[in-house]
Each structure stands twice: as structure tokens, then as C-alpha cells.
There are 4 protein chains.
Amino acid sequence: MIHSDIMTKTNDTALAKLRADYAALGDHLDRRGIDITVIKSKVATYGVAVPSWGVGTGGTRFARFPGSGEPRDIFDKMDDCGVIHQLTRATPSVSLHIPWDAQPAADLNSKAEEVGLTFDAMNSNTFQDHPGQAHSYKFGSLSHTDAATRRQAVDHNIACIELGQQIGSKALTIWVGDGSNFPGQTNFTRQFERYLDAVKQVYAALPEGWTMLSEHKMYEPAFYSTVVQDWGTNLLIAQQMGEKAKCLVDLGHHAPNVNIEMIVARLTQFGKLGGFHFNDSKYGDDDLDTGSIDPYRLFLVFNELVEAESDPDFDPMHMLDQSHNVTDPIESLMVSATEVQRAYAQALLVDRTSLAGFQDANDALMASATLKQAFRTDVEPILAMARLEGGGAIDPVAAYRASGYRARVASQRPAVSGAGGGIV
Amino acid sequence: MIHSDIMTKTNDTALAKLRADYAALGDHLDRRGIDITVIKSKVATYGVAVPSWGVGTGGTRFARFPGSGEPRDIFDKMDDCGVIHQLTRATPSVSLHIPWDAQPAADLNSKAEEVGLTFDAMNSNTFQDHPGQAHSYKFGSLSHTDAATRRQAVDHNIACIELGQQIGSKALTIWVGDGSNFPGQTNFTRQFERYLDAVKQVYAALPEGWTMLSEHKMYEPAFYSTVVQDWGTNLLIAQQMGEKAKCLVDLGHHAPNVNIEMIVARLTQFGKLGGFHFNDSKYGDDDLDTGSIDPYRLFLVFNELVEAESDPDFDPMHMLDQSHNVTDPIESLMVSATEVQRAYAQALLVDRTSLAGFQDANDALMASATLKQAFRTDVEPILAMARLEGGGAIDPVAAYRASGYRARVASQRPAVSGAGGGIV
Amino acid sequence: MIHSDIMTKTNDTALAKLRADYAALGDHLDRRGIDITVIKSKVATYGVAVPSWGVGTGGTRFARFPGSGEPRDIFDKMDDCGVIHQLTRATPSVSLHIPWDAQPAADLNSKAEEVGLTFDAMNSNTFQDHPGQAHSYKFGSLSHTDAATRRQAVDHNIACIELGQQIGSKALTIWVGDGSNFPGQTNFTRQFERYLDAVKQVYAALPEGWTMLSEHKMYEPAFYSTVVQDWGTNLLIAQQMGEKAKCLVDLGHHAPNVNIEMIVARLTQFGKLGGFHFNDSKYGDDDLDTGSIDPYRLFLVFNELVEAESDPDFDPMHMLDQSHNVTDPIESLMVSATEVQRAYAQALLVDRTSLAGFQDANDALMASATLKQAFRTDVEPILAMARLEGGGAIDPVAAYRASGYRARVASQRPAVSGAGGGIV
Amino acid sequence: MIHSDIMTKTNDTALAKLRADYAALGDHLDRRGIDITVIKSKVATYGVAVPSWGVGTGGTRFARFPGSGEPRDIFDKMDDCGVIHQLTRATPSVSLHIPWDAQPAADLNSKAEEVGLTFDAMNSNTFQDHPGQAHSYKFGSLSHTDAATRRQAVDHNIACIELGQQIGSKALTIWVGDGSNFPGQTNFTRQFERYLDAVKQVYAALPEGWTMLSEHKMYEPAFYSTVVQDWGTNLLIAQQMGEKAKCLVDLGHHAPNVNIEMIVARLTQFGKLGGFHFNDSKYGDDDLDTGSIDPYRLFLVFNELVEAESDPDFDPMHMLDQSHNVTDPIESLMVSATEVQRAYAQALLVDRTSLAGFQDANDALMASATLKQAFRTDVEPILAMARLEGGGAIDPVAAYRASGYRARVASQRPAVSGAGGGIV
């Protein structure tokens, strides 16, 4: 954790400017008929989960360039996640990846208490082979042609649920790389039948109150076909399973040009939106920092979410899922959590009564202007004030840099090598 | 129609070469354990519908450059369609577009008998405003915010069914341009609710034995969102309607890089594949000639269709849907019908027992090779022989050009102007 | 034009809020070390050209739904353009399209004086056939296989230059639809040789002080290949011609996912960036309102332009180029002009010294944050104050709607029909 | 190497069918006025280089699933490459990747002689950090902000040239991952200036008779911008360097929907086409087996190459560049080499006189049909006969499988672990 003196000191430096900006924004919103404190309190209660693997430096198939002080295990990772929440007050939970993070539940719970975090959705991993594993996932896992391999993948998912139960998780996220690299390699229909059959076995093991989140992705690691390639297939899975099964939307998992906010609306309408993996992308599943490439698209997604908030049963899970290749992962996750909050706050500013009126009147220009007005409002003072009042940092990156945390852990954690792929 | 002497003469010229090629292919297939006559007879019974609007020269929003002898009305169009079927023996039916082709049923039936054609699916048109129409579709039709406009669109679809009943059609294809050009212009959920509600009214009017085909499209004419934007939404529509409702797949209506053959497999698996609009595309809904850009993709679609043929209830409708901007539409439609047959014949050559074995063994290389072997077999002699034996032309384009048909109709049909859009 | 009383009245209503917002923003920028008046004066002198064709309602190949009071000719169009500039003070010039706008120079100059506008780049049109034209452009224009057709297209471009000289224009923009719809239809190399040869003849006719702007586009109206398909070919053209030839970038004319701001940087670096067609797109050349889909991308383009401003010779032309299918074109153009100014103002706020430091230090996170801080600043008060002080409207759309201009011209201009395409 | 008895035996099995197929194809081509022996002899002299890294199993950032008998070093790799050429007679050279394959020149030359291969282009690697390297490439190499890092990258390239000179290579291929992951991370212009400056230093070290091949790629490993992102930038590099510098086209390195054959034509026209990396892709840089996804596109590329063959100076380098994740790499490379030959043979069958005539007459339909006729000709008998007559296998995969080569090397080469990435 960061020493509180550091945070106090950096906050003190920034406080006067923040007060002035906050007051000015409050006055401005008041002129628009909006109470800034209402927005601020909604933002203050909003949280997004951090992925345990996100605090390590990511890489590509070509190379990985590790940073200093890379976390060695889940306990190091939770230390890092604790710092993120300490400074941003926006990331109260961690999402584990099994078997990477598999440790005794008691140890996990104890560490969680120490760093002030809880556990979000469990993530199973059947896209890699793990030491000691009987059957390889080279040709698939839950949809493999071999029954024993499918069984192994089912058992792994059930083990994830069991660990999750002991640490207070309430959801299992399933993402597989199953697919094919050649036309003809797999029979689409039989492969999907096997997949559905296997997932049903996992679904049957879901405890009361749990949600199964199914995640679609267009391609990678399979490069011709992927068994859960889009939201259409994902919807079929959720329908075939039952009420506890819902769809997870990763913003980077779609075909070029796809209107993602519309998919969010469709899944919401039919009760099947289960959660998000937030990130940003320009080309494929780039896993770039949330909001760094197309912040308006992120806003439009949140516009749908705020639109749906009136339904008390609507409660999708929110998680970051990014690969930090050229930044300090802690910094990227702090900024990204803030970007998610920003989009949420902007979406809260949309004048929905006016918007509905413009929509009914087919006044496309004013409907667009209504969204743009909310989007272009600089809500940073609201976010900063919510952080400050929650015990966090006005400027999380500045406080983090001032703290020397990275240098400290670098001295405690041995350097790791930068092994990477070897394919051009 | 083409004078039979012309066809006989051009056939005579090509006959010796065809016989030699057919015999050689028969021998070759025999070495692969395939009986060429079985393939030929399946090809001979295969037909694809021609769209009435396809025989006119197409255009873009920038311009339209009409050819000579453009058909003036549905009767001229049916003359042209008759020639296509006469020469190819592959296009036994015509698909009408209403109101463009709205004429007394008796006249349509009489003309159909004259030219030897039947009527395929009816196509409604609520993406344009027609003279005398009470409500404009500028801001939508079946999903319009105004109830009277939706009602008008529903009534138009029902009128299409009614005319269809009188001319022997058994299906209604619904494609709308409804969507939006600005974020915020429409509320995705309420718009889709209105759409579903309106389509339900059309569905309720479907006669026994009819199918409703719903067609999705990513974009155009709406450029930010489209109400039936992809197969996921299309599937929801078909599910909400009932058994008579199925999905139509137009090969050019998907996001870049999308695996279309997989969508075909998914819809087939869940009993919701209703039909096709065949064409080809490189960028968007280019409506290029079928098989002209990516013939292997077309083959992979047919590979799924042949795979599914073992189910006796599986019977999707096949139609061409192209825009012929730089060719004689009759020639393009003849060649395209042939390309569809070609992909079908190639798919019939796939050694499915071997393929299934390679799939079970995860032998990706040999599975791919099995498809490629079928694809690279030059089945032209089979197609030509099937045409010849069916009374058509060995080389339809050569026979058509020799016939002077275009010059003849050009002298009978006044030239039309080339009006087009005016937007850069 | 709008009666000045209307503008005064709507301005009076909004003035108090604007003053408060402007003062607050001034204080905020002052805390960031930025003088708001410097930004405001730069914005005040910034102008973007309006395309004459933009004030008419656009359409697609499927349909066109005209609005009321559609301009009948260039003089009506210039009236509409005059209103746009009157209210926004941001669009001092009009770009003509020939032959659509071909009228005696004296009449054009007289009208320009009346409405207070000047003339921007001339646009030639060889993508449509015009009445009385000897040779059709169905198969190309400047690159046609037939020499007489190429000559006709060259002559047309020269005629555009000659008219332009008489009305004070200083540039010719060439965009052609030449390409092909089938592999094999054209020989890429010979077609491009013909194109270069023809353009050289146009280039030779360029007067002193003129610029030739070459515009690339990936596809449409040609759907397999386009002769000037991307900036690579565009650059070759500009290099082959000479110093007066530069490249024009239309934001909607690129392949999916392409990094447009990088193309802007490359062309700038090599002295070949000549101008812009601003609009926005989600799928293809959607010609949506500028900044309506991805405002951050627009900002990133302006970030490059401001970066390059230090070079006194850097002076690309700025023009809007949009298709207004569902809005009042005057409103869309006013809002779009404002969006261009907004991106410019935001780009002016970038702390370039800090940015360069972060870039040199490979501090990707802070470099990104530096751009985002500028982007998220709500500069609307600067834009509104610049308009007000320039004699325009604080809220151009509100003033325009209050004025009743559209109803007035609708009563003077006969309704036009909504003819459109006929291709599904 | 494979024992010659094996090859003889499998050839004997297939010989009768091949003779029959070859004779039938010869007759057919004779009817089309083509001498099959001319085509066969051209195919027989055609070769494509194999990348040394291609014989190892590839992977993704998620995982790598090694096969058995993975090559341990360049000498094992050359053994595998030797087998590929032995069976296919189509891959006479190997392309090395430094430092992966850095070994004493004498040892490399000796091994090359042993396995009957020569050395194609040298590939430098500055996209990974190598043990003992002074400066990291995390933030770039030839375009790094730090001069010492750039110098290190330049020196590495020069070392590649020096080794290449000793082993008979005549070309250096430069591909870098330099770019950025965030808007603002890098200044596009200054980065490219640094890149050009560094490459000039490498260029200056090119021996007489050598070619520098510059390779562009849209994205990956950098996900917002890449310094050599497309052929436009690549062309600028080749122009800035000089005559020895040319552009290399990798089929998987372009934006979605891009017309690659047109880029091939443009680079050829301006003397800057230097070589190819053949593979296939459906989504991004998928590095799938050549011709496995879109064989017609591959044919269209070869159509351009055959078109350009009449220029005696036209001699681009041909190399495979694939990632084999689910197949035996030796099998994939054999099949891919065959696919390249197939496309070449098909392109040789194009009736270019007719094609030119159709192009001049704007007969798009017949121009397309001319290409399609060549493409759909099953040239497998030509390829197989050329292999047989050259001492190779009629069916390379069958012979390879019969040989037991993989099992043999698996017993000699210790198993390697399947380490992979860890990022979702």
C-alpha cells in the first residue's frame, strides 16, 4: 500500500484547483438543471473489477518486455490491486484466473482482507496446457473431439466454481480458444453440440445465486473459426443453459465496424447481458487501455447501461481486461478505472427526457446533440472529488509516482526474463 | 426467347470439346470413386431464383449508367428472366419486388406460363416512398415511431402476401432499411420492440405453408445503426415469431472478415436457416456477381448446405441478388446461376467420410486438403452437360450473344435516362 | 439570410449562461497556464468551406427522401450557405461542383457578394453522364480505355479551372469513380498509366498560384478496384505531377481500422497534404456529420494539423463533405462546422512541451493523458463567444429554428420528388 | 532426408492415376491451344524460399502447443527444410532469422551443401530483446528515441548483412515492430525521421548486388500505430533509400478488404516490388497456410506477377511466412509451396491476348470469365508431374507420412515445453 502521508501531500497540492473546478462545474450543471452531488454520489458507489493478470506486463506473440517489480504470484498481484483501489477507490474487487491464481482459499481470503478487496468472477483457463495435465488443449477443450479432454475441461471449470465459493465469488466466466485454423478442420455443428453439452455439465454445477458468464470473441487464438465467435452464438448458449447463464461483452472481441452499443442493448432487452470486459481497440483484440482510442464509443455503451438502470434486476458485472505492454500496469489500471467512471458520469448527465422527445420526433440532430452535450462535459472534478472524499487520491498517477511503490517492490521481487514468441 | 436454331448452332460448335472434357472428367472422378452421372443429375435438378429487379442495370448513389434495351416493366423483366432460364436451365423461378412489379395476378400468371417460369419469394419494399403513399419512410417503416406509418408498412407486407397467394408464391422476404444515422437518433430497444410488434402482425397474416424470411444487413441505407443488423438480431426475430419465420442470409450483408459459412451452420443447426441472397462482395454490400471475388467462400457455404441435405426438412430458398452496373444483366445472371451450380457440384464432390475421419482425428491438414480437392475439380463439363441435356446451352453467354436478343429488345424498348445521385 | 432581430433575441436569451461558462473556463484554463483569449482569437479566424451540394438532402442508392425547401440551383444553395456562415461565422467559402453549379461567373460573383461568401476549390464531375455529353463515363473517365473519352474528361477539368479563375478559386479537386467491378475487368497498370497521362494534361493547365488536389477513395462507385484507391497511389500522383499537386484526405475514404491521423502526418512530412473533406463514418464512405461518430479521431487529426502549423507554408484546405439524409442540411452543416472548430480548439489546448517530453521519455501513459486532457476540455464557451463576437449566434441551431427560414424557402421553392435507386 | 525407397514406393502407387490425369489435362489444354509441357517446365523451375522459423510449431500470445520432434537449432531446421525440398522440389532455399539462426558461416554452408539448399534473404530481428543486449527494444528499435538503441539496431542489421555475404545471401529483409499503443505516445513525424535516418545507415552498408527489402504491416505488435504501416510508407522508404531498396509484401499485413493485387501492380509499375511473404489470412496477420482461405486472391496476385514477367528485370523474391499452430510444420510448408506453384501455373494459363482484348472493349464479364477459366483448371497433374520428374514425390504428404521422419526426429530431439503468453 501507499503511505497515507504521500497521498495527503499530493492531494494538498491539488486541492485548491480541484475545489475551484468542482465549484465551477457545479454551477454549470446547476444552470443545466443537474445537481452535481447526485452525480458524484453515484460515481462514488461505482466500482469496476481488476483482473489479477492485468497487473503483470502483457505481451504479444512476438515478444514480452517485462517491467520492473513484476508480481510473482497472486499475493503480489493483490498487493498491486490494493494500491489501485487505495488510490482510485474505484476497484473494490479482483477477478482471479485459475490455475494461475490457484491458492488455498484461506490464504486468498486473508490477503483480500489485508488489502481491502473482494473477489469478482472466477476465470477458468482451458486455452493453455498446464503442467501435469493429462490431455492437451491443442485442438480444443470444452468442444474437443475427445470425451476425456472435454471432461477434463469441465472438471477444471467446476474446480474454479468450488474455489470461488470459498472466497465469496458469485460468477464463473468461460472463455475458450476452441475453433479451427483451416476450413474443414472442424465440423461447425458437431463442435458446437459438444461445446453445449460440456457447458451444460458446468452449468449444472453452478451454486444458487451464481451466474455463468459466456464470452464471445471473433478470432484469436483460432484464426479461421471460433466456437463462440459472436453474440449470436453467445445468445444461443445462454438460451440453451438457462436463467443463470448470461453473455459477457468484451469491447475488443468484435468484427471491424460492429456497433457494440447495439449488441449491449439487444442483450439487455432479452435479459442476457451478464457483464463486460472493458478495454479499447483499434484493430483486433488489442486490449488497449479503456477509453484510450475511442472514448465516445465507451460513452455510448454506458449510455445504454444508464438507460437500463431503471430496471432493478439489471446488474451486469464490470471488469477491466487489458494488456499493458508499454506502461506500468498499475498506472494503466488506475487510469482505465477512471475512464470507466468518466463514461458512467457522462452518461448520467444525458437529459433523457429531452432525448426521448427528440427520438419520438425523429429530430436526429438534436438527439445527437443531446448525447454530445453530456459527453463533452468535463466531469473530471466529479471523479476527483469522489476519490478524495472516499479517501483516495485526487491524481492517482501523481500520488503513485510520488510514493516510490514500483521501486520498492522492484527491490523485493526478482526480475523476470522477457521470453516471447518466435514467429514473424 | 432465343430462337432454338441459335442454341443448336452454338451447341453444335462446342459439343465435341464438351464430350471429350466430360468423358475425361468422368474417368477422373471414377478413379476417385465418384459416379459423374449422380453429380450431374443432382446439378440438373438444382435451381436458383432470379430477382426481377436484377435484369435492369443497377447503379450507385453516384450514378446509374443504363444499358440498351432496359426492361420497362415486370413483363419485359420476365421476358429477360425467361431467356436466362432457357439458356441455363438453372433459374426456374422469379422473385418479385412490390410495388415495382405489382400487376394483376392473372397477367403475371399468364406471362409466367408464357416464359416457363414460376414465382419465388415475394419482396416487400418499405425502404422507399412510393407515389400516393400517405406516410413517408424517411425515418423508418415497420419500426417507425409513428403508429400509422408502421400500420401502412404492415398493410403493404400483407398486400404482398395476398398477391403472392394468387401467383403461387410461398414466402415473403422482409428487408427494411430502418435504423439511424446518429448515435441517439433512435432508442435501440424501443425501436426493436416496435419492429417486433409490427412484424408479428405480418406474421399473423401468413397463410398455411408459407415462410417468412427475415433478412439482416449490417448497414446501408442507415449508417450508424440498423434494426436488423446481424444474424443475432435476425435469430431473435425468427424465435419471437414462430415456426414459419426463418432467417435469410445475403452474402454481402456482414461485417468485414465475418465467417459466413459458420453463420449458415448455426442457423441450420437451430432450424432457422430460411434462404439465401447470393452475390459477392469485396468491401460492403457490393452486390457483385456471385463467385466473382471469392469463389472458395461460396464453396464453403455450399459445403454446409450439402452437409445439411441429409435432413429431409432442410430446404432453404436460393435466390440471386446482385447489382449489374457494368455488364449486361442477362449475362451476369446466367454466369452467376452457373457459379451457384458450380459451388453446389464441387460441394457434392467432397469425400465426407474421409472428412469426418480427419476431423475426428484433428488432422487439420488433410481435412483442408479434402475440401480443396473437391473445390479445385473443374466441374464445368458436368454443368454444361446438365444444361445441354436439359435443353439449354453449353455456353449460355455465347448463345445469348449469337442470338442478338439485346439488340432486338433495344429496338422495342425506348432508352431510359441515366439519372443518379448527386453526393460526393 | 436570417433577420438580425432573431439572432439578437436568441443570443440575449443565452448570453448570461455563456458569460458564466466562459468566465469559468477562462479561470480553469488560466490555472492550466493557458490564455483563453488566445485560443478564442485563433478559433475566430478559422474557417471551413461548405460544399454547395451539401445543402441539398442526400440519399443512398436505395432512396432519397427530400426535405422541404430544397435548393433548386446554385443560387438557392448559396442563400443557404450564406445562412450557415451568418450564424456560425465559421464557413466563409463555398466549394462548387461542376457542371451542377455551372453558371455565368458574373452571376456567381454577384451572388457571392450578396451573401458574403467566397469560392473555395472547384470540383469536377466525371463520375456521372451529363445531358449532351458525347462519351459516357460508364467505364471510366480520366482513365478510360478510349482516348476521346479521356480527352472529354480532361477538357471538363480544364473548364472547371477556367470558371474557377473567374470567381477567385485557387484550387481544383479531382475525384473520379474510375475502377472496376470484376477481377480482370481492367489492367491495373495500363489504367493507371492512362490516368496519369490525362491528369498531366489537366495539371499543365493549372494557373500560377493554383493547387491540384487529388482525392483517394477505397471503393464506391467501383467495387473491386479503384484507380486512386489509397494515399499510396495518391502520393504517386502528386509526385508524378509536381509541386502544385497535393493530396486531399476525406475522412471516410479509408479501409476499416486505418490510422488516418498517421496518413495526415506522413503527407504533411513530405509536403503533399493539400486538404480535407471532413465528415464521419462508421462503416464506409457514410458521409455522416463530422464528429458525430468518433470525435476523438477528429481531434487526433487536428492534433497533427496544429503540430504542423509552425511551418508557415503549411496551409491545407478544409472543407466539409457530408450527405444529410435525415436532417435539415443547414443544421447539419452548422453543427459540423462547429465540430471542426471544436477539434481545432481542443488541439490548440494540447500542452506540446509536456507532450514532447513524455514522448522523448517513452512515457506513453502521460503522453496519452496529455492529449486526453485537452480533448475533454469543454471548449463550447470559446466557440460560442467567438461566434457571438463575430456577429453570429451563440446557438446557431436555436437561432435558425427560431427564424423560420426553412418554412420561408419551402414556400418559395417547389417540392422535388424523392426519386431514388432501385437495387436491393 | 527421406529414404528414396519410400518415395519410389509411394510414387509407384500413384503413378498410373497421375499419368491418366496428366494425359487428360494435356488433351484438354491442347483443345484450348496450350502446350502442357511449356507450363510444366515453367513450374519445374519455380521455387519459393522456406523460412527457417517456419519448421517450428508456432503459437499465439495465449499459448503455444509444440509438436513432437521440434527442431532445436538451425541445423535441425535445415534438415527439416531439406525434406521439404526433397519431396516438393519447390523450395530450394532457406531464409535465416538472426540471431535465432546465427552460427558460423562455415557450418551453415556445410549444412546447406549437405541438405541441398541455398540461402535466401537474411532477416534481422529488432522486435525482441536478446540475452546480453545493451539496450531494450521495448519502445522501439530503428526508430527509438534513444540514439544508442538505434545504433544497436543498425549494427545488428549490418551484422546480418555480413553473415549473409558469407553464405551467399543477396538480400536483407527489415521488419520492425516499432510503433505505439496510445495516441500521443509517439510523434509520427519525428519517429519516421529517426527510422529513415537509421535505415539509411543500414542501406549504406549494403554490398553490391544486394537488395534491401522493407516490409510493411498494419499493426501487431504495436496496436495504435506502426512506423511502416502500409505500402505508402513502405514506398517512401524505398524512394528515400535508393535503387537497391524495394518493398516486400506480406499477404496478411493489410487492412481488412484491401485489394492486395493492386498494390502488387502499383509497386511493380514503379519498380519497387522486391518480394513476398506468402501466407493466408481471414482476420489479421493470421499467418495461415498459403491458399487455405482465399485461393482466388492468391491467383490474382500471381496474375499480376505473370503479367509483369515480360520485363526481364522483374525478379521479386518469393518466400513463405506462416505460423503452423495445429499441423506438422513440414506438411504445411510442403502443401503451401505447392499452393504457390498452383497459383503460378493457373496464372500461366490465362489467355492474355483475349484478356487484353476484353479489357480494351470494357467487356467486364468476359474478362472475368477469362481469369476464372484459368483459375478453375485443375493443374494438380502438372505440379505432380513436375515434382516426379524433378525427383520428388507425386504426393509429398503421403510420402512424408510413410517415411516416419517425424517419429525418427522426435526420438532424436528432446521434447520442448509449451510455454506461452498469459494475457486474456
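Worth knowing before you read on, the calculation uses all heavy atoms, side chains too, and leaves out hydrogens, waters and symmetry mates.
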Asn279(B) side chain vs Asp321(B) backbone, donor-acceptor pair below 3.5 Å: yes

Residue Lys282(B) versus chain D: region with a heavy atom under 4.5 Å: both

Backbone N/O of Gly59(D) and side chain of Asn325(D): donor-acceptor pair under 3.5 Å: yes

Min side-chain heavy-atom separation Asp280(B)-Leu298(B) under 4.5 Å: no

Contact origin within Thr327(B) toward chain D - heavy atom pairs under 4.5 Å: side chain

Region of Arg297(B) that comes under 4.5 Å of a non-hydrogen atom in chain D: neither

Heavy-atom contact with chain D under 4.5 Å, split by part of Val397(B): side chain

Side-chain donor or acceptor of Asp285(D) paired with backbone N/O of Met218(D) under 3.5 Å: no

Leu371(D) portion near chain B, given a 4.5 angstrom heavy-atom threshold: neither

Best-contacting candidate, Ser332(D), Ser368(D), Pro295(D), Ala364(D), against chain B by heavy atom pairs under 4.5 angstrom: Pro295(D)

Pick from Val379(B), Asp328(B), Asn259(B) with the largest number of heavy-atom pairs that fall under 4.5 Å of chain D: Asn259(B)

Among Ser292(B), Ala24(B), Ala369(B), residue most engaged with chain D (heavy-atom pairs, under 4.5 Å): Ser292(B)

Portion of Asp363(D) that has a non-hydrogen atom of chain B nearer than 4.5 angstrom: side chain

Donor-acceptor contact present, side-chain Asp12(B) to main-chain Thr10(B), <3.5 Å: no

Lys NZ or Arg CZ of Lys17(B) over Tyr22(B) ring: under 6.0 Å, within 45°: no

Ring centers of Phe302(B), Phe278(B) separated by less than 6.0 Å: yes

Asn303(D) side chain to Ala343(D) backbone, donor-acceptor under 3.5 Å: no

Leu25(B), part contacting chain D, at a heavy-atom distance under 4.5 Å: neither

Part of Glu339(B) lying under 4.5 Å from any heavy atom of chain D: side chain

